[in-house]
Amino acid sequence: KTSLMVAGAPPLELDEARLIVADGHAHLSSSAIRTTTMDDATVEGDFDLNQHSFKVILTSRGMDLAGLQRHAELISIPSFRNLESGNWKGQLSYSFDPNSPGPGAPSANSDQAGRWTGSVDVQRATLTLPMFATPVRVVAAHVDLDGASLTAHKIQARSGDVTVTG
């Protein structure tokens, strides 16, 4: 077992994490990852030692958002850092290639050379946004993420007297 510790968050536990270094790559084989015993998720990744590019894939069949929040803040998963509770399932990928900056990136060494993409379902979540006086309670939503763009479908949510469905 391997643990990733972040101040203010429960540890991310990786079961049987295998890192294979060969042919110019460091590859993390698919490994179970959890913050609670009920989590059902995996992580895998690949780092190109020559190009310094990498890709990480998180796949969840059900993972607690409260335990993941602080980790999401640190690795800048859009909108996940604002989720305080709930559950998610689906797939998120992060790709970084310093030689292929994202759209509008000012230079090849920019942080914008990294990009989150994915498709997830969120249930029973609480989301705090600065433009709302009360937290947004998300009963369910399907979310597609592509870089800085986030699209919610099949959403059922409420904040104070405002209800959103669609």
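Given the structure is predicted, the values throughout are model-derived calculations rather than measurements.
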Passing option when R34 is tested against D15, D40, D64 for salt bridge (Lys or Arg N to Asp or Glu O under 4.0 Å): D15

Among the clusters formed by ILVMFWY side chains lying less than 4.5 Å apart, do [X] and [Y] turn up in the same one?
| X | Y | result |
| --- | --- | --- |
| L28 | I57 | no |
| I20 | L14 | no |
| V43 | V21 | yes |
| W88 | V139 | no |
| L127 | F132 | yes |

Under the rule for side-chain hydrogen bond (donor to acceptor under 3.5 Å, both in side chains), what residues qualify as partners of [X], not counting sequence neighbours?
| X | answer |
| --- | --- |
| S85 | T126 |
| S29 | none |
| D39 | T35, T36 |
| T59 | Q91 |

For residues [X] and [Y], report the shortest heavy-atom separation together with the two atoms involved.
| X | Y | result |
| --- | --- | --- |
| T128 | P135 | OG1-CB, 4.4 Å |
| A17 | T2 | CB-OG1, 4.1 Å |
| A125 | L83 | CB-CD2, 3.9 Å |

Pairing residues for [X] by the side-chain contact (heavy atoms from CB on, under 4.5 Å) criterion, not counting sequence neighbours:
| X | value |
| --- | --- |
| V164 | I155, V162 |
| A41 | I33, S60, M63 |
| S149 | T151 |
| T134 | S159 |

Report the distance from atom [atom1] of [X] to atom [atom2] of [Y], rounding to the nearest 0.5 Å.
| X | Y | atom1 | atom2 | answer |
| --- | --- | --- | --- | --- |
| H27 | R18 | NE2 | CZ | 11.0 Å |
| R61 | T42 | CZ | OG1 | 5.0 Å |
| Q156 | T165 | CD | OG1 | 7.5 Å |
| S31 | E16 | OG | CD | 7.5 Å |
| H142 | K89 | NE2 | NZ | 11.5 Å |
| L49 | Q51 | CG | CD | 10.5 Å |

Sub-4.5 Å side-chain heavy-atom contact between H52 and N99: no

Side-chain heavy atoms of L145 within contact of T117, under 4.5 Å: no

Pairing residues for [X] by the salt bridge (charged side-chain N to carboxylate O under 4.0 Å, His left out) criterion, not counting sequence neighbours:
| X | result |
| --- | --- |
| R137 | none |
| D48 | none |
| D121 | none |

Ring pair (Phe, Tyr, Trp, His ring centres under 6.0 Å) involving F54 - partner list, sequence neighbours excluded: Y94, F96

